[in-house]
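For reference, the structure discussed in these notes is given below.
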Amino acid sequence: MRTVRRLRRSELPADTVALARYLIGKTLSHDAPEGRTSGRIVETEAYVVGDAAAHAFRGQTARNRSLFLRRGHAYVYFIYGNHYCLNVSCLPDGTPGAVLFRALEPLVGIERMAVARGALIANSKQLKLLTSGPGRMAQAFGVTRERDNGKDFFDTKSDLIIVDDGHRVRKIEATPRIGITKAADLPWRYLVHGNLFVSR
DNA sequence: ATATCGATTATCT
DNA sequence: GATAATCGATATG
């Protein structure tokens, strides 16, 4: 009998980069009014204190204020006039650190993800396009700033949670982060080696 | 297969 | 006014 359980806030690694690695292989689950979607976390990135690539680098603003919430809160931002991206805050109240969820392997609610993405699932290539990338997975899961920014992943009533379903990843790989211009050389992107749903 | 570019808007300079 | 933690479309080899 395999154990499936929600993660507890107290078990999260204290360090942002360690948390990015820790979350690989866990499951993100969203209980939306339309139904449940869940997926295996296969790609993350860490954004740390003093990081020139981090949204909090120049201090707290209206946009990034949920980065400063106690670890375990959702930071959802809107980018390029098109896309939402989902993060989890990592550090004690008042200190900004985040892990960006970049890609998921769909597990539950695949048909709803396709509807949300306005896509078909005729083959594995198109299946990959559901959740491979931060904007795509947010859209597939119905995550928006209006609905989800500031949510606590670890509140007992939260509809956005992180689960350990007992799955263990064979090999976790670290690479430089994607899509940034500053501090682009640091290897703070984590992914499941060889997984189809990793972006790029 | 890789390269380049336009979309579209909140946010900050 | 410029930029952005992206995506999808188009062009070219």
Side-chain angles (χ1 to χ4, degrees), chain A residues 15-24 28 39 41-69 71 73-91 95-106 113-151 153 160 173-192 194 196-200:
Chain A
D15 175 77
T16 302
V17 173
L19 179 56
R21 189 177 198 286
Y22 185 76
L23 291 177
I24 295 292
L28 180 70
I41 300 165
V42 298
E43 181 182 347
T44 61
E45 284 178 355
Y47 288 87
V48 310
V49 173
D51 181 352
H55 288 176
F57 185 59
R58 290 181 175 75
Q60 186 169 350
T61 67
R63 177 203 195 197
N64 68 22
R65 94 188 120 63
S66 46
L67 280 174
F68 292 77
L69 297 173
R71 63 186 176 161
H73 286 79
Y75 167 53
V76 181
Y77 66 90
F78 186 62
I79 192 75
Y80 294 113
N82 280 304
H83 314 288
Y84 294 102
C85 297
L86 174 68
N87 298 250
V88 56
S89 67
C90 300
L91 298 174
T95 312
V99 170
L100 169 67
F101 294 101
R102 284 195 58 90
L104 304 171
E105 177 174 341
M113 295 185 207
V115 170
R117 293 270 303 128
L120 298 173
I121 321 171
N123 56 47
S124 67
K125 183 120 175 176
Q126 292 170 342
L127 186 62
K128 169 177 171 140
L129 291 176
L130 291 185
T131 53
S132 173
R136 291 176 182 143
M137 52 156 277
Q139 187 179 24
F141 270 52
V143 167
T144 67
R145 185 180 54 183
E146 292 74 17
R147 278 170 64 162
D148 301 298
N149 190 35
K151 263 183 194 170
F153 284 90
L160 191 59
E173 186 179 348
T175 79
R177 296 174 293 181
I178 284 186
I180 56 174
T181 55
K182 298 159 214 155
D185 53 325
L186 300 169
W188 291 341
R189 170 180 181 242
Y190 288 95
L191 55 91
V192 177
L196 171 67
F197 294 89
V198 170
S199 67
R200 309 215 194 174

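For the numbers below, each heavy atom of this structure counts, side chains included, while hydrogens, waters and symmetry mates do not. We name chains A, B, ... by the order of the sequence lines, and we start the count at 1 in each one. The structure displayed is predicted, hence computed values, not measured ones.
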Would you mind reading off the distance between [X] atom [atom1] and [N] atom [atom2], rounded to a whole angstrom?
{"X": "A:Tyr47", "N": "C:dA4", "atom1": "OH", "atom2": "P", "answer": "12 Å"}
{"X": "A:Gln126", "N": "C:dG8", "atom1": "CD", "atom2": "C1'", "answer": "14 Å"}
{"X": "A:Arg65", "N": "B:dA10", "atom1": "CZ", "atom2": "C1'", "answer": "14 Å"}
{"X": "A:Ile79", "N": "C:dT3", "atom1": "CD1", "atom2": "P", "answer": "13 Å"}
{"X": "A:Asn64", "N": "B:dT11", "atom1": "CG", "atom2": "P", "answer": "10 Å"}
{"X": "A:Leu67", "N": "B:dT11", "atom1": "CG", "atom2": "C1'", "answer": "14 Å"}
{"X": "A:Phe78", "N": "B:dC12", "atom1": "CZ", "atom2": "P", "answer": "15 Å"}
{"X": "A:Asn149", "N": "B:dA10", "atom1": "CG", "atom2": "P", "answer": "15 Å"}

Problem - First encountered from the 5' end of DNA chain B, between A:Arg145 and A:His83 - result: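 Looking at DNA chain B, the more 5' nearest nucleotide goes with A:His83.
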Exercise for the section: Would you state whether a donor and an acceptor, one from the side chain of A:Tyr80 and one from the base of B:dA7, lie under 3.5 Å apart? Expected result: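 Looking at the base of B:dA7, it does not pair with any donor or acceptor on the side chain of A:Tyr80 (distance under 3.5 Å).
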How would you label the contact of [X] with the nucleic acid (heavy atoms, under 4.0 Å): base, sugar-phosphate, or nothing?
{"X": "A:Leu100", "result": "base"}
{"X": "A:Arg177", "result": "nothing"}
{"X": "A:Arg189", "result": "nothing"}

Exercise for the section: Give a yes or no on whether the ring-centroid distance for A:His73 and A:Phe153 is below 6.0 angstrom. Expected result: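 They do not qualify: ring centres at least 6.0 Å apart.
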Handout entry: Check: A:Arg136/A:Thr131 side-chain N/O donor and acceptor closer than 3.5 Å
Key =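 Side-chain D/A pair, A:Arg136 to A:Thr131: absent.
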Handout entry: A:Ser199-A:Arg102 side chain donor-acceptor pair, cut-off 3.5 Å
Key =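 Judged by distance alone, the side chains do pair up.
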Practice task
Kindly say whether A:Thr61 contributes a backbone atom to a donor-acceptor pair with the side chain of A:Asn64 at under 3.5 angstrom?
Solution key: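 Present.
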Handout entry: Watson-Crick or G-U counterpart of C:dA5, or none if no pair lies under 3.5 Å
Key =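 Base partner found: none.
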Exercise for the section: Sort out the partner of B:dT8 for me: Watson-Crick or G-U wobble, both distances under 3.5 Å, none otherwise. Expected result: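 Pairing partner: none.
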Given [N], is OP1 or OP2 found less than 4.0 Å from the side-chain N or O atoms of [X]?
{"X": "A:Arg117", "N": "C:dG8", "answer": "yes"}
{"X": "A:Arg136", "N": "C:dG8", "answer": "yes"}
{"X": "A:Arg58", "N": "B:dT11", "answer": "no"}
{"X": "A:Ser199", "N": "C:dT6", "answer": "no"}

Handout entry: Shortest side-chain distance from A:Thr61, nucleotide among C:dA4, B:dT11, C:dC7
Key =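 Nearest nucleotide to the side chain: B:dT11.
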Exercise for the section: Quick one: sort the A:Phe78 and A:Tyr84 rings into parallel, tilted or perpendicular, breaks at 30° and 60°. Expected result: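 Tilted, since the angle between the ring planes falls between 30° and 60°.
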